[in-house]
> 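Sharing a structure, written as structure tokens. Questions coming.
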Amino acid sequence: MSRPVNFYAGPSMIPVDVLESLAADMVDYRGTGLSLVEVSHRGPVYDEVHNEAIRLIRELMGVPEGYSILFIGGGATLQFSMMPMNLLRPGESADYVHSGAWAKKAIAEARKVGTVNVLWDGADSDYMSLPDPSTVRPSEGSSYVHITSNETIGGVQWKAFPDTGDVPMVADMSSDILSRPVDVSRFGLIYAGAQKNLGPSGVTVVIIRDDLLERSSDELGAYLSYAVHAKGNSLYNTPPVFPIWAMKTVLEGVKKRGGAEAVARDNTAKAAELYRAIDSSDGFYRCPVDPAFRSEMNIVWRLKDEAKEAAFVKEAAAAGLMGLKGHRSVGGCRASLYNAMTLDGVKQLTAFMDDFAKKNG
Ligand code: PMP
């Protein structure tokens with residue numbers, strides 16, 4: 001079966017061997033006679049999958065001792081609210097870097113919980129750049145500093161992270177988690193929806209330094225409390241068992257590929273191939289992002305003649321290159337090159353782009 005090349009931003013490409021493995025195990029999970037999605041989440045069959053998914057995240061991301069790994073529903077959107085509900089201490093404020101569309105949403109939700117300081121705002125560059133990390137300093141009385149490691153819509157990505165000292169740094173890594181090695185010990189909390197690099201939608205991974213669990217007030221609703229999820233090993237209530245099972249299967253594949261370093265090497269090569277095609281097109285294509293912060297995950301570009309963008313996206317789809325339309329809020333084109341994308345897939349895109357430029361230039 002020949003499948004289209006999948007550049008969707010999320011939900012997004014999942015390695016086909018993962019899909020096949022899930023399909024093969026779906027009706028009769030490994031000889032147990034029942035599907036994993038129809039048995040108790042407190043039985044031994046699911047328990048093994050759940051704990052192995054946690055163990056693989058710990059191993060592949062190098063999560064140190066003293067951090068808990070939680071699986072929560074509600075997407076990264078719930079974390080925009082839940083994280084400040086837990087971490088923002090009474091009488092203190094929260095620092096945010098406003099790097100684009102997703103940071104903006106995180107800030108809007110935090111403002112419903114307490115006082116927010118915007119440490120840096122990318123409006124001047126139309127959110128096509130990021131601050132020098134060394135200039136990002138927590139303000140007086142700050143409970144945490146929040147960054148968005150990769151802006152999925154804008155296509156900007158932090159290459160190095162701020163040093164926030166004793167104030168915990170919190171990162172929304174939804175669109176670049178496990179795409180490169182990251183020193184988790186520099187963060188107080190990391191959250192990411194699974195539907196880009198980790199599997200299907202439905203589960204959000206939260207990695208939290210254990211001392212921060214003490215900030216969860218007993219007044220919070222049970223599901224909204226990190227401490228409740230941590231105490232129950234993310235089994236306080238029924239977890240999203242299918243997305244967790246699928247995520248575990250994706251993680252096994254990442255391990256086989258050689259882990260975060262190997263994946264990062266591939267990601268750098270894939271992104272370089274696409275940026276090369278954009279930059280060498282004599283202005284037919286143009287990437288608006290500051291070269292110092294160009295994302296390796298979500299690559300955005302415009303056509304010199306913006307009126308041809310719709311035709312570009314349509315003809316690409318007809319050629320089996322799916323999901324290249326930019327986000328509805330910004331237009332243009334975007335290719336998401338998550339971990340599952342191959343260099344060959346990107347080369348099919350760049351060959352199409354060269355050809356389209358020749359025909360329409
Ligand atoms: N943060 C980032 C960086 C995202 O890319 C997204 C989704 N594309 C979200 C947050 C929101 O995630 P969800 O739809 O899972 O709530």
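The figures that follow rest on heavy atoms only: side chains count, while hydrogens, waters and symmetry mates do not. Ligands are counted one by one from 1 in listed order, and the atoms in each one are counted from 1 as well. We count residues from 1, following the sequence as given.
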> Check Asp279 with Arg294, please: is the shortest side-chain N to carboxylate O separation under 4.0 Å?
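Yes, this pair counts.
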> Can you check whether Ser175 has an N/O within less than 3.5 Å of an N/O in ligand 1?
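No, no N or O pair falls under 3.5 Å.
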> Under 4.0 Å from a heavy atom of Ser174: which atoms of ligand 1 are those, numbered in the order shown and with their elements?
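Listed by number with element, the hits are 1 (N), 2 (C), 3 (C), 4 (C), 10 (C).
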> Give the contacting part of Asn150 toward ligand 1: side chain, backbone, both or neither, where contact means a heavy-atom distance below 4.0 Å.
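It is the backbone that touches ligand 1; the side chain stays farther off.
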> If you count the atoms of ligand 1 from 1 in the order shown, which ones are under 4.0 Å from a heavy atom of Thr77?
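Close to Thr77: 11 (C), 13 (P), 16 (O).
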> Is the count of non-hydrogen atoms from other residues, nucleotides or ligands lying under 6.0 Å from Glu65 atom CD greater than 12?
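No - once you tally the heavy atoms of other residues, nucleotides and ligands closer than 6.0 Å, there are 12 at most.
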> Under 4.0 Å from any heavy atom of Gly75, which atoms of ligand 1 are there?
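By the 4.0 Å cutoff, the relevant atoms are 15 (O), 16 (O).
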> Under 4.0 Å from any heavy atom of Lys196, which atoms of ligand 1 are there?
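Numbered from 1, ligand 1 contributes 5 (O), 7 (C), 8 (N).
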> Counting only heavy atoms not in Lys308 (residues, nucleotides, ligands), do more than 12 fall under 6.0 Å from its NZ?
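Yes, because the 6.0 Å sphere around NZ of Lys308 holds more than 12 heavy atoms from other groups.
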> Could you walk me through whether Met353 and Ile278 pass the side-chain contact (heavy atoms from CB on, under 4.5 Å) check?
CA-CA 8 Å; Met353 288 169 72; Ile278 295 167; 3.9 Å; yes
> Checking side-chain contact (heavy atoms from CB on, under 4.5 Å) for the pair Leu189/Val206: CA distance, chi angles, key distance, verdict?
CA-CA 7 Å; Leu189 188 149; Val206 174; 4.1 Å; yes
> Is a salt bridge present between Glu52 and Arg55, judged by a nitrogen-to-oxygen distance below 4.0 Å?
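Answer for the salt bridge query: yes.
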> Just need the protein heavy atom nearest to atom 1 (N) of ligand 1, so name the residue and atom and give the distance.
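Its nearest protein heavy-atom neighbour is Asp172 OD2, 2.6 Å.
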> For Arg302, is there an ion pair with Glu306 - N to carboxylate O distance below 4.0 angstrom?
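Arg302 and Glu306: salt-bridged.
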> Could you tell me whether Arg328 atom CZ has more than 12 heavy atoms of other residues or ligands within 6.0 Å of it?
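Result for CZ/Arg328: open.
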> Can you tell me which residue and heavy atom of the protein come closest to atom 11 (C) of ligand 1, and the distance to 0.1 Å?
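Checked against all protein heavy atoms, atom 11 (C) of ligand 1 sits closest to Trp102 CZ3, 3.4 Å.
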> Please work out, at 4.0 Å between heavy atoms, whether the side chain, the backbone, both, or neither of Thr152 comes within that distance of ligand 1.
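The side chain, only.
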> Which atoms form the tightest heavy-atom contact between Asp95 and Pro138, and what is the distance?
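It is OD2-CA, 3.3 Å.
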> Which protein heavy atom lies closest to atom 15 (O) of ligand 1, and at what distance to 0.1 Å?
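Among all protein heavy atoms, the one nearest atom 15 (O) of ligand 1 is Gln195 NE2, 2.9 Å.
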> Could you tell me whether Ala76 approaches ligand 1 through its side chain, its backbone, both or neither, with non-hydrogen atoms closer than 4.0 Å?
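For Ala76, backbone and side-chain atoms both sit under 4.0 Å from ligand 1.
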> Looking only at heavy atoms of Glu151, does any of them come nearer than 4.0 Å to an atom of ligand 1?
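Checking ligand 1 against Glu151, which is what was asked, there is no heavy-atom contact under 4.0 Å.
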> Would you mind running through ligand 1 and noting each atom that sits below 4.0 Å from a heavy atom of Phe80?
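Counting from 1, the qualifying ligand atoms are 1 (N), 10 (C).
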